[in-house]
Structure formats: structure tokens, C-alpha cells
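What follows is a short report on a single structure.
Below, read A as the first sequence line, B as the second, and so on, with proteins coming before strands; counting in each chain starts at 1. Everything quoted here is computed from the prediction, not taken from an experiment.
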Amino acid sequence: MNGFSPKITRRHFGALLAGSAFTLAAPAILRADTGPRLVVIGGGFGGASAARFARINYPDVNVTLIEPYDSFVTCPYGNLILGGRRELPQITHSYDGLRARGVDIVQNWAKDIDPVAKQVTLADDTQVAYDKLIVSPGIGLRWDAIEGYDEAASEIFPHAWMGGDGSQISILRRQLEELPEGGVVGLAIPPNPFRCPPGPYERISMIAHHLKQHNPRAKILAFDAKDGFSKQGLFQEGWEELYGDLIEWIPASEDGTIVAVDPQEKVFISEFGERHKVDVGNVIPPQYAAAIARDTGLADESGWVPVDPLTFAAGTAPDIHVIGDANIGAPMPKSGYVANSTAKQAVASAIADLRGESPPQNPVYFNTCYSHVGEEYGISVAAIFRLDDDGEIAATPDSGGVSPSGPLSEQAHNRRREAEYADAWYDSITTDMFS
Amino acid sequence: MSLLSQALRGGALALLLGAFAPVGAAQAEEIRTPMIAQGCAGCHGQSGAGMGAAPRIAGYGRDAFIATWEAFRDDERPATIMNRIAPGYTDEEVAELADYFSQLR
Ligand SMILES: Cc1cc2nc3c(=O)[nH]c(=O)nc-3n(C[C@H](O)[C@H](O)[C@H](O)COP(=O)(O)OP(=O)(O)OC[C@H]3O[C@@H](n4cnc5c(N)ncnc54)[C@H](O)[C@@H]3O)c2cc1C
């Protein structure tokens, strides 16, 4: 598997400004075309959207996209694989569409950034020079947060919370298919903030959807490090109606926080020492920004990167714009839609700055997160974000919010429509990233 | 470079590079999508062309677009989600959206 463990020493941009020996050490420059150079790290929701948007709107700009995998497996709709309603190829996207638009795809890991020389160093020590850098590397998993949960353990208790090469979601699917009759599926759900607030609960729903058809005496124990979650009322209403007592959600206040696991014994251990035996375990660990954002000192003590809400320029390095899950975007959720929406503002701001213009004013950042609760049963939460008088990101008052609640007998039409709209969202957003 | 010549270059390049998108979409790209309309592409397809169950909004008459938006905003038109989205935009923004989508074919 394509693991990422570069031996990079932690260096701070502040210290770098004093002078960098790095440029001298590795002078190889990957490309030297005329025209401004926009380099993008990460070919996911933020990065692919940024690269495509830049090529369409600024044809004179050279765009290089650095991404280690040869195709992108989306996390969105991964839960539908668990529900038996999608196959891996349907959520795997090629970079050929971006290539056809003239994006230079460099298949490699970025391992360092020199903000003074304005160069990215790749895993093989080649360097890529930039005028503006967009960083959208997504999340990293805090392997130290749950005792006993490391990369090796994730082969037994998959997280399936990063697309990668698709193996994580495939392991979890196979384990569900092989679950003994009447077996127990455990989930460990992290505290805020984390990637995709409704994601774990859509996952519970889709696992239940699978079990109800193929293993109806099985049980889901969902251990949560929180006492509440996104679209909670709607999810719980749907669970009760569709799956009865197949699902048990255990909040933090009822000892739901999982602090340790024993993958060999297949045990989850709670905060108060309770040992829960599971047959299949999906551990979604606490998160922070991906390594490239932390090891370079872009992230602060929280593990996430502070950015200017108007331009997404990193606090420590004005020519580096950090978008997607890696930044501190609250109250915006860490969602693919937000990554896509903010990617465009970040690129437009970066190019404007190169041209000596000001960034687009009064931006609107848009989000809708759909979740599938069952077959023909979709729910959503929407929000329109703007900058408030203090320049901070805020949801637009009296707008957005969640789908109406109510029993299926009243809401069947809306639930079916929202499931269809969710499919339309998936196809539209991936077109806006990769076509 | 003017916005128009820039947009034309983008379109010409798109055509040159061939079959990655239907010709209609490549032509639509010649009309630069304003930032305010970028979010729409997440559901309604490229240049408002529609996608699956999400209806086409390209080519919507300007006045009809605004009237429909206001009906969503006032919850006077059946909706699952546009009635939540519509109140989040100002009149000026809705007018800009209407201008843009009504220009598209
Ligand atoms: C189960 C699940 C369901 C979800 N459902 C939805 C949904 O319905 N709607 C929604 O809007 N969002 C959803 N999300 C959230 C969405 O997946 C993320 O918010 C989104 O992927 C964030 O985009 P990003 O660009 O920050 O990161 P990513 O999309 O993860 O992209 C990061 C990319 O950077 C690459 N990378 C990492 N490090 C480096 C490096 N050093 N050098 C080069 N490349 C690097 C990675 O390989 C990856 O391709 C879901 C998430 C999960 C887990």
C-alpha cells in the first residue's frame, strides 16, 4: 500500500524566513514555463476543484497538481458501498479530464514546502517552483489518540475515513459480508472537529441497510465521543422507522467514548474501562490536518491551519492558500462541498494578488450535505456562509437548515427526492472536479 | 487581457483539447461563470445544464428566474431544499444569478 511516512524534521516558517539552505541542496526544478505558476498539493475535493477552476478561468496560468495516487476514491458515497448500493469503480475518478484541460499532474507526495524560495519538495527530492501554492491535503489520523489503534490495527479495524487506494472501504465491506449471523458491528466515532459531521451516521444507516437484508439479527453498537451530532433528530427518526432496534447509539455521557482498542481480541475499551467485544469494528479516530500541513508548521497547536477567511491564505505564509478539511473553517463543516466552494475563492484570490488586484469581495461559500438513511430515503443540511462585520465566517441568518422531520407516511416524497438530489450532487460535484 | 478574450481563449482551448465535455458545455464556458453562481454547479451541473434529478437552470428567463427564486424564498413553491437555500441570497445576488443563467442556452 502507498503509505506516507517521510522523515521530515519539523521546521517552522518563521525560522525559515531567516534563510533557507534547502534551495541550495536540491536545485532541480521540475518545470519552468512562462506565465504564473499555480501549484496545487492534493487532488481531492479542494485540490481538483482548484486546478480545474484555474484552467477554465485563467488559461494563461500554468497549473501543476501534486497527488500521490493515480486516481481519486471519494469518501462521499463510500458509505453506499457498505450498503451494497455502489461498487468501488463508481466512486473512483481518473485525472485524465484535468490532464486534457492542461493541468500538469505530478504523481508524487509533497514532503516539504519552502515558503521563501517558493518551492515544493517531492518525496524523490525533486522541486516544483510556484508563484502561488494551494494546499488541500485533507486530514491526518491521530494514531496516538486511541490506544492500540495504529496503521497496522486499521487493517483489522478499518477507519475507511480517507479514500486512498480504496482498500480501507473495501476491507470494511468484505468484513460486513463475512459478519457471523447475529454478529456485532462496533463503530467508534470521534469528537469534533472531524471530517464530514454527518458521515458516521450515514455510515451507520448504510450498514444497517445491508444488515437488515442479509443479517437481520445482527446489531450495530455506535460508540460516540459526543452527546449530539449533525441531523441527529432526522437520523434517529429514520433509524427507528427503518431499522428498529438494530442500531444502538451510545453517547459520551453513557460511556460512549472509546479510548483503547485490542484488534487481536476484537475489543473496544471505553473511557470507564468497559470492554465491548465486536465482530467487526470501524474505528474513526480523532483527526488533524494532513502531515504536509503540520510538518511544515502551517498548522497551529490545534492541528489545523488558521487562514484568512477572505482569501484562505495561511496566517504564516501569504502565498500559500490552505483549503478543504485541513484549515480552520468553522462554522463551515469539513465537507467536500465546502472544499469545492472555497477552492474557487482561494484560486481567484491568489491570481488576483499576482495581478496586483484585490480578492473577490463579499464571497459566498456554499454547502449542502446529503445523507442516505435508507433506500429512497435522503436527508440534507444546507448553509450559505459569508463574512460578517468582523470578517469572520458566519452562516447567513434565516436560511439553510435541515430537512423537515416527520414520519415516512408524510415525508416519503421528500425523502425520495432528496435521495435523488444526493445522486445529482455526487455527479455534479465530481464533474466540477474532474471533467 | 479583456474578460471576453480570456473567456474565448478558454473556450477555444477547450474545443482544441477535444472530447472531454459535450460541445454545449464547452460553449457555455465561453460565458464566464460569476463567482456567485459557482455554488450552483455542485448540484445543477456545469453551467446550469442540469444533472439527474436536479433541474436545468440554464436558459431560464430572467424574470421567471427571479419569480421562482422569490417563490422558494417565501415557501410558496413546493421544494425539498431550494426553500432553505433561497433565503440565503440577497436580491442583488439573485439578479446576478438571473442575468447569468438567462444568458445561457
Ligand atoms: C464517509 C464520508 C462521507 C462523506 N460524505 C460527504 C458528502 O456527502 N458531502 C460532502 O460534501 N462531503 C462529504 N465527506 C467529506 C469530504 O470527503 C471531505 O470534506 C473532502 O474530501 C475534503 O476535501 P480535501 O480536499 O480537504 O481533502 P481530500 O478530498 O481528502 O483530498 C486530499 C488529497 O490530498 C492528497 N494528499 C495528502 N497529502 C499529500 C501530500 N503530502 N502530497 C500530495 N498529495 C497529498 C490525498 O491523497 C488526497 O487525494 C464525506 C467524508 C466521509 C469520510
Looking at Cys40(B), Gly52(B), Gly50(B), Gly88(B), which makes the most heavy-atom pairs under 4.5 Å with chain A?
Gly88(B)
Nearest-0.5 Å distance, CD1 of residue Ile384(A) to CZ of residue Arg84(B):
10.0 Å
Distance (rounded to the nearest 0.5 Å) between Thr80(B) OG1 and Glu418(A) CD:
4.5 Å
Against chain A, label Ile85(B) side chain, backbone, both or neither, depending on which of its atoms sit under 4.5 Å from a heavy atom there.
both
Could you measure the distance from the CD atom of Gln46(B) to the CG atom of Asp432(A)? Nearest 0.5 Å is fine.
4.5 Å
Is the backbone of Ala79(B) close enough, under 3.5 Å, to the side chain of Arg417(A) for a donor and an acceptor to pair up by distance?
no
Max heavy-atom pairs within cutoff under 4.5 Å with chain B, candidates Gly336(A), Gly400(A), Ala383(A), Pro363(A), goes to Gly400(A)
Please rank Thr430(A), Thr396(A), Asp423(A) by heavy-atom pairs under 4.5 Å with chain B and give me the top one.
Thr396(A)
Restricting to non-hydrogen atoms, name the atom on Ser428(A) and the atom on Gly42(B) that form the minimum distance, rounded to 0.1 Å.
CB-O, 3.2 Å
Nearest 0.5 Å, please: how far is CE in Met35(B) from CD in Gln345(A)?
4.5 Å
Measure distances from Asn340(A) to the heavy atoms of chain B and classify the residue's part below 4.5 Å as side chain, backbone, both or neither.
neither
Heavy-atom pair count under 4.5 Å with chain B, highest-scoring of Ala382(A), Ser380(A), Ala395(A)
Ser380(A)
At a heavy-atom separation under 4.5 Å, does Val381(A) approach chain B through its side chain, its backbone, both, or neither?
backbone
Among the listed options Ala41(B), Pro78(B), Ala49(B), the residue most often paired with chain A at heavy-atom distances under 4.5 Å:
Ala41(B)
So, the part of Thr368(A) with a heavy atom under 4.5 Å from chain B: the answer is side chain
Chain B contacts, top residue of Val402(A), Asp96(A), Asn362(A) (heavy-atom pairs, under 4.5 Å)
Val402(A)
I'd like to check Pro87(B) versus Asp398(A) (side-chain heavy atoms, cut-off strictly below 4.5 Å). Are they in contact?
no
Counting heavy-atom pairs under 4.5 Å with chain B, the top scorer among Pro404(A), Pro360(A), Ser403(A) is Ser403(A)
To the nearest 0.5 Å, atom OH of Tyr421(A) lies from atom CE of Met51(B) at 15.0 Å
Arg32(B) NZ/CZ over Tyr58(A) ring centroid, <6.0 Å and within 45° of normal
yes
Quick one: does Phe366(A)'s side chain get under 4.5 Å of Cys43(B)'s, heavy atoms only?
no
Chain B contact via Phe53(A) - side chain, backbone, both or neither, heavy atoms under 4.5 Å:
side chain
Does any heavy atom of chain B fall under 4.5 Å from the side chain of Phe434(A), the backbone, both, or neither of them?
neither
Interchain contact, Ser341(A) with chain B, by part (heavy-atom threshold 4.5 Å):
neither
Please confirm whether the backbone N or O of Gly39(B) pairs with a side-chain atom of Tyr337(A), one donor and one acceptor, at under 3.5 Å?
yes
Please classify the contact of Arg415(A) with chain B as side chain, backbone, both or neither, using a heavy-atom distance under 4.5 Å.
neither
Which atoms of Ala348(A) approach chain B - backbone, side chain, both or neither, heavy atom under 4.5 Å:
side chain
Can you tell me if Glu87(A) has over 12 outside heavy atoms packed within less than 6.0 Å of its CD?
no
Output, in order, the C-alpha distance, side-chain angles, deciding distance and verdict of side-chain contact (heavy atoms from CB on, under 4.5 Å) for Ile81(B) and Tyr370(A).
CA-CA 10 Å; Ile81(B) 186 151; Tyr370(A) 285 103; 3.6 Å; yes
